[in-house]
Amino acid sequence: MVTASAPGKVYCFGEHAVVYGEPAVPCAIERRATVTVERRDDDRLRVESEDLRISGFTVEYDGAGGKAPDVDAPTRLLEAATGYVDAAIEQARDAADAPDVGFDVHVESAIPLGAGLGSSAAVVVATIAAASRALDCELDEREIAERAYRSEHAVQDGEASRADTFCSTMGGAVRVAGDDCRRLGTPDLPFVVGYDGGAGDTGELVAGVRALRDEYDFAADTVAAIGDVVRRGETLIEDANAVASEETVSELGRLMNFNHGLLEALGVSSRSLDEMVWAAREAGAAGAKLTGAGGGGCVVALDASDATETALELTPACEDVFRAELASEGVRYE
Ligand code: MEV
């Protein structure tokens, strides 16, 4: 039996634009997905999922992944459990050259699904790490990240960047532009996360931005403008090192506000996300923006005081609010 965990993330800057080669800066946060795998005697996969927000379920299906499992559970949750775990197990089998090994897989996650906090990336990264080790195949972090990217890429029909999976594997703040991925460090930033209890469909949202970008020059310009914002932000984060000064936090917040406005122009925000963003700004946050694909889910704000947390607690659109510590450690064995 092998257990591995990997963190979720928030995007300081650059979601969606990163799909077109612009840089993005996601930061890993201390909310982890933990995956335990055990080899079976046959070639089947048994996936058991426990989500803190939705009651758990168990599915058993054959390793070929052909037939959809017949269980009564929300489609999104099922897809997360089967599609991503399937693809990750496939990567581990491929790495170990063990195509016919079956597994019992237990997923436990403190990261809400589809909410912009990188739940699927964390599950995929932790599954690849645990399953490859169970097959006596030690992968280094770069290889886990690459294989996790391939898993997401396959499940999301080619509409995935390396940002989520690289960040979850490495931990800390990272910078991703195309296949150029590196760590920026572990700046101490006062992240506050607001969650509307909903979720967005990443594939649909990414496809929507692509359609907009194909049809309107302004959308292509907006994607490029997000890249400009990220380039300014990444320098600040790189220079911030361990302790970010008030000036740095204030300028980062300003850039996050610009980034949110540009994402809104691309049509990926929502009323509840905007309400939470404005509640945070009015409470005195240095800045706030949606995080991840959008459509619903989470916003991230910068505020060292309690004011944003209090304001979000009182915002009807906000279902949950928490302070998110940066996770300096990425994937790890438990
Ligand atoms: C989703 O967490 C982030 C997006 O940029 C898609 C991706 O980078 O794969 C919207």
Side-chain angles (χ1 to χ4, degrees), residues 6-29 31 33 76 79-80 83-84 87-88 109 111-125 145-170 173-181 191 193 195 198-213 219 222-227 229-230 233-234 256 259-260 262-270 273 289-300 324:
K9 56 106 231 303
V10 292
Y11 271 88
C12 278
F13 309 108
E15 54 273 86
H16 284 288
V18 69
V19 174
Y20 307 96
E22 297 292 349
V25 178
C27 294
I29 58 167
R31 285 233 160 178
R76 196 160 31 79
E79 277 171 7
Y84 288 106
S109 177
I111 313 164
L113 283 169
L117 299 181
S119 58
S120 59
V123 167
V124 164
V125 166
E146 179 58 28
R147 287 186 176 275
Y149 162 66
R150 283 188 221 156
S151 309
E152 279 217 331
H153 194 263
V155 178
Q156 290 169 204
D157 295 327
E159 296 280 24
S161 75
R162 288 180 159 78
D164 288 23
T165 40
F166 185 76
C167 183
S168 185
T169 308
M170 298 298 174
V174 304
R175 190 239 195 220
V176 172
D179 57 8
D180 175 15
C181 309
F191 293 127
V193 174
Y195 175 39
D201 182 323
T202 301
E204 237 170 60
L205 289 152
V206 172
V209 171
R210 184 175 296 284
L212 211 60
R213 193 172 164 271
T222 303
V223 166
I226 291 176
V229 171
V230 181
E234 77 181 76
M256 284 167 66
N259 197 159
H260 182 77
L262 295 167
L263 287 167
E264 208 188 348
L266 292 175
V268 297
S269 192
S270 70
L273 293 174
K289 63 182 278 296
L290 68 83
T291 171
C298 291
V299 299
V300 57

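Keep in mind it's a predicted model, so treat the numbers as computed, not measured. We count ligands from 1, going down the list as the structure has it; atoms in each ligand are counted the same way.
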Exercise. Would you say His16 has any N or O atom under 3.5 Å from an N or O of ligand 1, going by distance alone?
Worked result: yes

Exercise. Looking only at heavy atoms, is any part of Ala163 under 4.0 Å from ligand 1, and if so is it the side chain, the backbone, or both, or is it neither?
Worked result: neither

For this session: Would you give the length of the straight line joining atom CG of Leu266 to atom CD of Glu15, rounded to the nearest 0.5 angstrom?
Result: 10.5 Å

Exercise. Going by the order shown, which atoms of ligand 1 are within less than 4.0 Å of some heavy atom of Glu15?
Worked result: 5 (O)

Exercise. Under 3.5 Å, side chain of Asn259 to main-chain N/O of Val230, donor-acceptor pair present?
Worked result: no

For this session: Would you name the heavy atoms of Gly233 and Phe13 that are closest together and state the gap between them?
Result: CA-CE1, 3.6 Å

Exercise. Ignoring hydrogens and geometry, is there a side-chain-to-backbone donor-acceptor pair from His260 to Leu290 under 3.5 Å?
Worked result: yes

For this session: Taking only heavy atoms of Lys9 into account, list the atoms of ligand 1 that are under 4.0 Å away from them.
Result: 2 (O)

For this session: Output yes when a side-chain donor or acceptor of Glu234 lies under 3.5 Å from a complementary backbone atom of Val25, and no otherwise.
Result: no

Exercise. For ligand 1, is Glu22 a contact, meaning one of its heavy atoms is under 4.0 Å away?
Worked result: no

Exercise. Should you measure from each heavy atom of Asp164, which atoms of ligand 1 turn up under 4.0 Å away?
Worked result: 1 (C), 2 (O)

Seminar exercise, completed: Per-atom filter on ligand 1: closer than 4.0 angstrom to a heavy atom of Ala160 are 9 (O)

For this session: Apply the side chain to side chain contact (heavy atoms under 4.5 Å, CB included) test between Tyr11 and each candidate in Asp164, Val300, Leu263; give the one that qualifies.
Result: Asp164

Problem set entry | Spatial distance of atom CZ (Arg31) from atom NZ (Lys9) [nearest 0.5 Å] | 14.0 Å

For this session: Measure from the side-chain N and O atoms of Ser168 to the backbone N and O of Pro7, and report whether any donor-acceptor pair falls under 3.5 Å.
Result: yes

For this session: For atom 8 (O) of ligand 1, grab the closest protein heavy atom and report residue, atom and distance to one decimal in Å.
Result: Ser161 OG, 2.6 Å

Problem set entry | Protein contact to atom 3 (C) of ligand 1 [nearest heavy atom, distance to 0.1 Å] | Tyr11 OH, 3.6 Å

Exercise. What are the atoms of ligand 1, with element, lying closer than 4.0 Å to any heavy atom of Val18?
Worked result: 5 (O), 8 (O)

For this session: Give yes if a backbone or side-chain nitrogen or oxygen of Thr202 is under 3.5 Å from a nitrogen or oxygen of ligand 1, and no if not.
Result: no

